[in-house]
2 protein chains.
Amino acid sequence: MDKGSEPVTLRMIADEVGVNVSTVSRVINSSDKEARRWASSEMIDRIRTVVAARGYQRNPHAASLRTRRSGLVGVLVPRLQDFVLATVYEGIEEAATEQGISTFVTNSLDRPENQASRTELMLSRRVDGLIFGDAHAGDPFLDTLAKRGIKFTLVSRRSGDHISATCDDILGGRLVAEHLLATGRRDIGILSGRQYASTGNDRTAGVVQACLEAGIRIRPERIVHGGFDAPGGRQATERLLEQGGCPDAIFATNDFAAIGAMGVLRDRGIGVPDDVAIVGYNDTPLAAELSIPLTTIHSPMHEMGRAGLNLLLAMLRGEAVQSVRLAPELVVRASTAG
Amino acid sequence: MDKGSEPVTLRMIADEVGVNVSTVSRVINSSDKEARRWASSEMIDRIRTVVAARGYQRNPHAASLRTRRSGLVGVLVPRLQDFVLATVYEGIEEAATEQGISTFVTNSLDRPENQASRTELMLSRRVDGLIFGDAHAGDPFLDTLAKRGIKFTLVSRRSGDHISATCDDILGGRLVAEHLLATGRRDIGILSGRQYASTGNDRTAGVVQACLEAGIRIRPERIVHGGFDAPGGRQATERLLEQGGCPDAIFATNDFAAIGAMGVLRDRGIGVPDDVAIVGYNDTPLAAELSIPLTTIHSPMHEMGRAGLNLLLAMLRGEAVQSVRLAPELVVRASTAG
DNA sequence: ATGCCCTACACAAACGTTTGCCGCAAGTGC
DNA sequence: GCACTTGCGGCAAACGTTTGTGTAGGGCAT
């Protein structure tokens with residue numbers, strides 16, 4: 001449309017219509033019916049057509065300066081390379097676009113110093129609120145943030161009583177345990193992920209609970225921590241195997257960690273699923289494409305992101321909100337067959 | 001620091017120091033030496049200390065309104081879930097943060113209507129420039145954008161004469177061909193990716209060139225198109241195999257497509273690398289963890305992102321810039337052994 | 001005719017910066 | 001003694017919105 005020319009302003013269209021900018025502003029920012037409070041029907045039409053004809057676009061800086069709202073939210077994730085968080089962010093961004101707001105996203109690499117500095121950076125950009133995908137359990141950082149009056153929600157991981165949109169990971173863990181027990185497995189090893197992530201902790205807790213209810217106790221050395229990626233899964237699995245015998249099932253709290261685990265087992269000539277069953281988590285598209293298709297838990301990552309953003313928006317509107325817990329779903333494939 | 005109180009403004013610190021806001025502004029926005037043009041050394045010190053003590057943060061909306069520069073750049077990618085583009089974006093974001101600017105990123109899903117609408121959305125947010133990771137070869141969209149005077153650069157894919165930061169994909173293709181030929185392969189099938197992506201096209205062209213120079217002609221039906229993910233690679237491979245016999249090597253222009261290809265071969269009982277060698281592209285972390293570790297081309301994804309942003313910034317400063325072509329590197333693993 | 005309430009706008013003051021220009025005093029050269 | 005620079009800083013006008021308040025004119029009841 002306009003070819004590099006000056007952007008059209010409220011005043012320009014006000015002049016063209018022969019009316020004050022205030023009237024134009026009100027008409028633009030009101031619904032059809034609401035606008036009638038401020039202008040006659042004909043005037044509304046004239047303004048609307050001129051606005052459309054000139055291709056007027058509100059200057060968001062001027063508007064934000066005046067209203068003290070930016071329509072911006074900041075998103076912190078451990079790492080965007082991680083398929084899971086990337087998907088969650090896609091959900092956030094999709095919902096944000098629907099609501100006419102924009103998002104900044106950045107990696108914290110799960111390092112506290114980054115979380116703090118990146119948060120301040122977001123705040124200096126005057127975001128209206130924040131979404132954290134990298135919450136650390138028991139970290140006072142979020143508490144102090146809340147005390148400063150900063151609005152935020154959590155996605156993927158939960159922490160304390162802060163509002164969050166997560167998968168019901170405890171239930172997810174239970175589903176895994178029930179499936180493994182039903183298929184005759186009795187000695188379950190768990191790649192539990194990072195100690196500070198509620199995701200791995202809850203999934204692990206779910207397995208432990210369900211096993212206990214079935215009369216099976218999981219020994220502490222069967223639970224190992226490590227990164228949520230393939231190399232992390234590899235290392236964790238090696239530590240697991242070195243600590244005395246091979247379990248007959250391994251639950252990786254993340255599909256990528258499961259892939260790393262399968263690498264180790266292949267190297268050692270341990271058969272999957274004959275010698276040991278493997279279960280992942282998140283139902284990554286890769287899970288179905290692996291040499292040995294992976295049994296896993298489908299988690300609503302996209303929906304978690306959407307919910308996280310909508311919760312934040314509700315908070316910003318001053319509504320009382322409650323955390324959202326979405327349902328996981330078991331997907332059985334070859335890695336636990338037989 | 002400040003506990004939810006009113007944000008501190010330029011006027012507040014000006015009043016506290018007992019000086020005009022203009023002076024404070026100039027001191028803040030100048031280097032140590034430059035500031036001496038506007039204030040005495042003692043005054044500079046006093047202003048600096050008060051600014052630090054009060055924790056002053058410039059209001060970017062007010063500044064942008066005045067300067068008509070936002071310090072924002074928009075980034076369009078096909079999909080953030082894609083590891084490759086996520087990594088490129090990490091590079092962009094990292095470089096952006098270093099330069100004190102912020103980025104919006106959004107998915108276009110490689111659909112032209114999204115590219116257009118998302119671009120307009122970014123522009124309505126008053127971005128200073130754009131970075132496209134989803135350029136379509138021969139698409140006039142970018143040309144019209146350039147004609148409108150909008151500044152942008154391309155990453156990952158190139159298109160026309162627009163400034164871009166890419167991997168030297170033709171060279172990458174040649175490296176693959178040379179390796180396969182050297183290890184005795186003669187009949188190469190290529191999963192070429194999307195027709196509109198220069199990445200797949202250039203990589204394919206590189207193979208074809210190198211083979212031709214070695215006196216080997218690749219038949220057109222050996223080149224199949226498809227998605228850059230695992231399911232895409234699976235489908236493309238199936239079409240490839242149905243078109244008459246199995247080649248003794250398959251070059252997937254993307255690691256994930258290679259994984260899909262390996263799935264098909266496994267299903268059909270075709271041995272890798274004995275019956276057919278497989279090569280991927282990008283050297284994803286997963287490549288080394290697969291059941292059959294994947295020979296692939298390492299491409300500087302992160303660096304591409306950094307270069308793309310720095311090129312854009314140079315353009316915005318009005319400098320004359322040239323496209324950047326980064327070097328690929330062959331990584332040999334088991335999938336082409338023997 | 002008076003008072004009053006609508007409708008349909010207009011006025012103007014912010015919001016917090018940046019930046020062109022002006023001014024004053026002290027120094028400088030002659 | 002003069003004109004002239006130079007150093008240091010103030011003044012005020014923008015940038016483009018939003019929003020509280022003001023106000024004409026018309027209709028209505030009294």
Side-chain angles (χ1 to χ4, degrees), chain A residues 5-30 32-48 50-51 54-72 100 123-126 128, chain B residues 5-30 32-48 50-51 54-72 100 123-126 128:
Chain A
S5 54
E6 297 311 297
V8 31
T9 123
L10 216 46
R11 151 152 276 107
M12 293 166 77
I13 74 154
D15 287 350
E16 180 165 345
V17 176
V19 84
N20 191 280
V21 293
S22 60
T23 305
V24 180
S25 174
R26 294 193 232 253
V27 167
I28 288 180
N29 298 346
S30 316
D32 280 13
K33 304 304 164 193
E34 268 229 345
R36 282 308 324 284
R37 278 195 39 151
W38 301 109
S40 65
S41 299
E42 321 140 46
M43 185 54 77
I44 293 178
D45 285 346
R46 284 181 52 197
I47 290 178
R48 290 250 165 89
V50 172
V51 161
R54 291 283 167 272
Y56 169 77
Q57 311 236 86
R58 147 204 290 103
N59 183 321
H61 300 124
S64 296
L65 177 58
R66 176 63 225 245
T67 63
R68 298 158 159 287
R69 267 172 289 111
S70 62
L72 261 29
L123 291 175
S124 79
R125 273 289 181 186
R126 267 20 182 213
D128 292 334
Chain B
S5 54
E6 296 311 298
V8 30
T9 122
L10 217 46
R11 152 151 277 106
M12 293 167 76
I13 74 152
D15 287 350
E16 180 165 344
V17 177
V19 83
N20 191 281
V21 292
S22 60
T23 305
V24 180
S25 174
R26 295 193 232 253
V27 167
I28 288 180
N29 299 346
S30 316
D32 280 12
K33 305 302 163 196
E34 268 228 345
R36 282 308 324 281
R37 281 195 37 153
W38 302 110
S40 65
S41 300
E42 320 140 43
M43 185 55 76
I44 292 179
D45 284 346
R46 284 182 52 197
I47 291 178
R48 290 250 164 89
V50 173
V51 161
R54 290 282 166 271
Y56 169 77
Q57 311 237 87
R58 146 201 292 103
N59 182 320
H61 300 124
S64 296
L65 177 58
R66 175 64 225 241
T67 63
R68 300 157 158 287
R69 266 173 291 109
S70 60
L72 261 28
L123 291 174
S124 79
R125 272 290 181 186
R126 262 33 179 208
D128 292 335

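Since this is a predicted model, take the numbers as computed values, not measurements. Just so it is clear: chains get the letters A, B, ... in the order the sequence lines come, proteins before strands, and each one is counted from 1.
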- Whole angstrom value for the distance that separates C1' of dT17(D) from CG of N29(A): 9 Å
- Would you please name every residue forming a side-chain contact (heavy atoms from CB on, under 4.5 Å) with R48(A), sequence neighbours left out? V27(A), D32(A), A35(A), I44(A)
- Reading nucleotides 4-13 of chain C from 5' to 3' and marking B where a protein heavy atom lies under 4.0 Å of the base, S where only the sugar-phosphate is that close, and - otherwise, the string is ----SBBBBB
- R46(B) side chain near V19(B) side chain, heavy-atom distance below 4.5 Å: no
- Item | dT18(C) phosphate, OP1 or OP2, under 4.0 Å from S25(B) side-chain N/O | yes
- Angle between terminal axes - the helix from dA1(C)-dT30(D) to dC30(C)-dG1(D), 5 pairs each end, rounded to 10°: 50°
- Do you know which two heavy atoms are closest between A39(A) and R36(A), and how far apart they sit? O-NE, 3.0 Å
- Task: Could you state the atom-to-atom distance from CD1 of I47(A) to P of dT17(D) in whole Å?
- Result: 14 Å
- note: R125(B), atom CZ; dG16(D), atom C1'; distance rounded to Å ~ 15 Å
- Item | All side-chain contact (heavy atoms from CB on, under 4.5 Å) counterparts of R126(A), not counting sequence neighbours | P7(B), Q57(B), N59(B), P60(B), H61(B)
- Item | Nearest-0.5 Å distance that lies between atom CZ in R125(B) and atom CG in L72(B) | 8.5 Å
- Task: Compare every heavy atom of R58(B) with every heavy atom of A63(B), then report the nearest pair and how far apart it is.
- Result: CB-CD, 3.9 Å
- What integer distance in Å separates N59(B):CG from dT17(D):P? 16 Å
- Message: What residues from residues 9-17 of chain B pass a heavy-atom cutoff of under 4.0 Å to DNA chain C?
- Response: T9(B), L10(B)
- Tell me: CZ of R69(A) to P of dT19(D), nearest whole Å? 7 Å
- Contact summary for S70(B) and S64(B), nearest pair of heavy atoms: CA-OG, 3.5 Å
- Task: Show your working on side-chain contact (heavy atoms from CB on, under 4.5 Å) between L10(A) and I28(A) and close with a plain yes or no.
- Result: CA-CA 10 Å; L10(A) 216 46; I28(A) 288 180; 3.9 Å; yes
- Integer-rounded Å distance: dC8(D) P and E42(B) CD: 9 Å
Compile the donor-acceptor pairs under 3.5 Å between side chains in residues 11-18 of chain B and protein atoms, sequence neighbours left out, one pair per line.
residue	atom	partner	partner atom	Å
E16(B)	OE1	R54(B)	NE	2.9
E16(B)	OE1	R54(B)	NH2	3.4
E16(B)	OE2	R54(B)	NH2	3.1

- Spacing of H61(B) atom NE2 relative to dT17(C) atom C1', expressed in whole Å: 13 Å
- Query: Is any side-chain heavy atom of S25(A) closer than 4.5 Å to a side-chain heavy atom of N29(A)?
  - Reply: yes
